[in-house]
There are 2 protein chains.
Amino acid sequence: MNTRVSIQDVAQLAGVAVSTVSRVLNGYRDVSEETRAKVQRAVEQLGYRPNQAARTFRTGKTQSVSVILPMIGTDFYNRLINGIDQVLALHDYDAGLFPLLSPRRLERYRNPSAPPYNADGLILASLNPDRLFEGGQIPADLPTVLVDIAHTAYDSVTVDHIEGGYLAGKHLLERPAPTFVVMIEERFDTPFASGVFRERLKGFQRALEEDSVKLPKDHVITVEFSWDGGRLAAQEILRRLEGPANIFATCDLLAQGLIDEFAHKGIKVGGEVRLVGYDDQPWAEAYGLSTVKQPIESMGGLAANLLLKRIKRPPAEVIHRVLSPRLVVRESSRV
Amino acid sequence: MNTRVSIQDVAQLAGVAVSTVSRVLNGYRDVSEETRAKVQRAVEQLGYRPNQAARTFRTGKTQSVSVILPMIGTDFYNRLINGIDQVLALHDYDAGLFPLLSPRRLERYRNPSAPPYNADGLILASLNPDRLFEGGQIPADLPTVLVDIAHTAYDSVTVDHIEGGYLAGKHLLERPAPTFVVMIEERFDTPFASGVFRERLKGFQRALEEDSVKLPKDHVITVEFSWDGGRLAAQEILRRLEGPANIFATCDLLAQGLIDEFAHKGIKVGGEVRLVGYDDQPWAEAYGLSTVKQPIESMGGLAANLLLKRIKRPPAEVIHRVLSPRLVVRESSRV
DNA sequence: TTGAAAGCGCTAACAG
DNA sequence: CTGTTAGCGCTTTCAA
């Protein structure tokens, strides 16, 4: 009963031309207050709502951008989406979310007519086009920005994980002690493998090198991305040493496992055993976990801004923006 | 370079009328093989892809339905979406996903022009319209099906959690012993509170009542929805008794906490201490956890089917479908 | 089996 | 400041 009401009906009731109604609806300023009021009254009276399809058809703009990402519901992606949403809202844009939940979905997104490409622009989060699509070619040709991953052919916004690792390293070095890194094994065969953990390790090593501190190969403990992985790492470390230690967990989830397992063995983290995580998960503060915090919202916001710009007028060159993380010091790394 | 190619261009190159091209594109059968071939050749040659916006505009159909849900990425919602996707694909439909990630998003979805309502139909998962919207009125008036929750005014597909609890109860009763239920506290003030945990408890109690077994009030232990909640519950139970016990955890996550904490105290679940969970999480099998499994994919598929029917021709009355869960017996509840 | 043509609802020149 | 009007690309009668 609503779709039947068109701009024509509004014009008629308001006693003006359709173009005038259109102008009011789109917030043009060259309309007298009087007509504007008349039109708005008619709109409300009829319960008129613009036909979005007609608008899109006419303008060729959907006022929406698609975000393809591995999943939704983690702290990282929630924050990222919030950052994107916030900027888009300022420009009357919306974000359509397309998580790669199943292989079937990925398959469908290979089709250039798939819903994600039915938008004015595309944000690819944590996803490498080279791994996702044949030839690294995104099926549809529309303005694209990558987030959390870099690529020569596309605009990107990333966080400098090398710097993040470096910050953790410098901080732990304040009190020398046997040092361990707990790593995640990144498989190469998934579309999600972005190499961030290796970068974090690299930065950490760089910090140590600057101070001529050696990190023995077997002090890099590789486990699964899980709480249990952290616990296993803690056991491994305890097997190898007693007394002070510096530990860098390449993500907070691992750090949590470490803390819990240490607590279990009656060891409180912070003091003798110092620990720095990565991500600043929501619970990190309550855990007293020192950690590297990424500017995730900013990353999303920047990506959205870049994309909107590219939608307006495709710029000449590819743009890469790299953001700096910062270290949040809490109990777990106090001396 | 692709959007510029229209059906006109194809018609011209193929030497036919646009209406003929349209017919071929839409798979009508009253087209000679010869023209069909000509058209298809032209389509490929030009790399033509139909303008989706024009199509939607013309037909008034988007060939998509929106799914509003609390989040994405949990096993439950992944399976639900898969079930929905599968059925929709059969009918050339797509699902747009709209998770309620933040209050801002919910606020936006109160607007009848918001993206979710720009579809042919709507699926609301685990979300009660009464809590979500003023007066329980969905902002836009379009075919709607609820999933995982029931409502007098809308079609719905749900799982009978009372039956699920009942199954767990009957099973545990096979070997009488002091019995505990670990519950989740459901707050009333969130849009997500659906009351499923209370239903599970209710069914469980019903099973006990049938055999005249009493469940003391203080044998219902209420904790948070978390792994730690399960651990706390385990500690509580251990404090109160030694020897055999039957435990019903109203969700697998709690059950996992229980198992881990028991293991910790050197107690293997299965045998003396018997445990049944709920949900059949992906890891449940590896944990040897007996659990109640919901037909989630079927629920999604059914909802999609119902919605498609309602889109075709709005049926007269509200339809409610209730599915039965089933019990999966594994090590954790073996006698 | 095919073609001609109307028009979906809206925006954006262009005139006035 | 406001009205007139020409389509955007497609589907769908209606005729042939």
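Chain identifiers are assigned alphabetically (A, B, ...) following the order of the sequence lines, protein sequences preceding nucleic acid strands; residue numbering begins at 1 within each chain.
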Legend entry - Distance test, side-chain N/O of Arg58(A) to OP1/OP2 of dA12(C), below 4.0 Å: no
Inset, instruction - When you get a sec, tell me which of dC8(C), dT5(D), dT11(D) is the closest nucleotide to the side chain of Phe57(B)? - result: dC8(C)
Legend entry - Separation of dC8(D) P from Gln52(A) CD (nearest whole Å): 21 Å
Inset, instruction - From the options dG9(C), dT11(D), dG3(C), select the nucleotide whose nearest atom is closest to the side chain of Ser19(B). - result: dG3(C)
Legend entry - Any Ser6(B) side-chain nitrogen or oxygen under 4.0 Å from OP1 or OP2 of dG9(D): no
Inset, instruction - Nearest-nucleotide wise, let me know which of Thr20(A) and Gln8(B) is further upstream toward the 5' end of DNA chain D. - result: Thr20(A)
Inset, instruction - Report yes if the side chains of Tyr93(B) and Val87(B) come closer than 4.5 Å at any heavy-atom pair, otherwise no. - result: no
Legend entry - Closest to side chain of Ser32(B), choosing from dT11(D), dA12(C), dT1(C): dT1(C)
Legend entry - Given dG3(C), dT1(C), dT11(D), the nucleotide with the shortest approach to the side chain of Asp30(B): dT1(C)
Legend entry - Tyr28(A) side chain near dA13(C) phosphate (N/O to OP1/OP2, under 4.0 Å): no
Legend entry - Phosphate OP1/OP2 of dC8(C) contacted by Asn51(A) side-chain N/O (<4.0 Å): no
Inset, instruction - Rounded off to whole Å, could you give me the CG-to-P distance for the Asn26(A) and dA13(C) pair? - result: 13 Å
Legend entry - For atom CG of Asp9(A) and atom P of dG9(C), their distance in whole Å: 9 Å
Legend entry - Modelled atom types, side-chain donor and acceptor of Ser64(A) and Asp94(A), under 3.5 Å: no
Inset, instruction - Report yes if at least one side-chain N or O of Ser22(A) is closer than 4.0 Å to OP1 or OP2 of dT11(C); otherwise report no. - result: yes
Inset, instruction - Taking the side chain as every heavy atom from C-beta outward, state whether Leu100(A) and Tyr109(A) have any atom pair closer than 4.5 Å. - result: yes
Inset, instruction - Classify the nucleic acid contact of Thr35(B) as base, sugar-phosphate or nothing, counting any heavy atom under 4.0 Å across all strands shown. - result: sugar-phosphate
Legend entry - Side chain of Ala17(A) (C-beta onward), nearest among dT4(D), dG9(C), dT2(C): dT4(D)
Legend entry - Value in whole Å for how far the C1' atom of dT2(D) lies from CZ of Arg36(A): 13 Å
Inset, instruction - Can you tell me the distance, in whole Å, between the NZ atom of Lys61(B) and the C1' atom of dT12(D)? - result: 16 Å
Inset, instruction - Sort out for me which residue in Asp141(A), Asn111(A), Ile68(A) forms a side chain to side chain contact (heavy atoms under 4.5 Å, CB included) with Tyr117(A). - result: Ile68(A)
Legend entry - Asp9(B) vs Leu13(B) side-chain heavy atoms within contact, under 4.5 Å: no
Legend entry - Interatomic distance where CD1 belongs to Ile7(A) and C1' belongs to dG3(D) [whole Å]: 13 Å
Legend entry - Spacing between Lys38(B) atom NZ and dT2(C) atom C1', to the nearest angstrom: 10 Å
Legend entry - Candidate nucleotides dT2(D), dT1(C), dC8(C), ranked by approach to the side chain of Arg23(A) - the nearest: dT2(D)
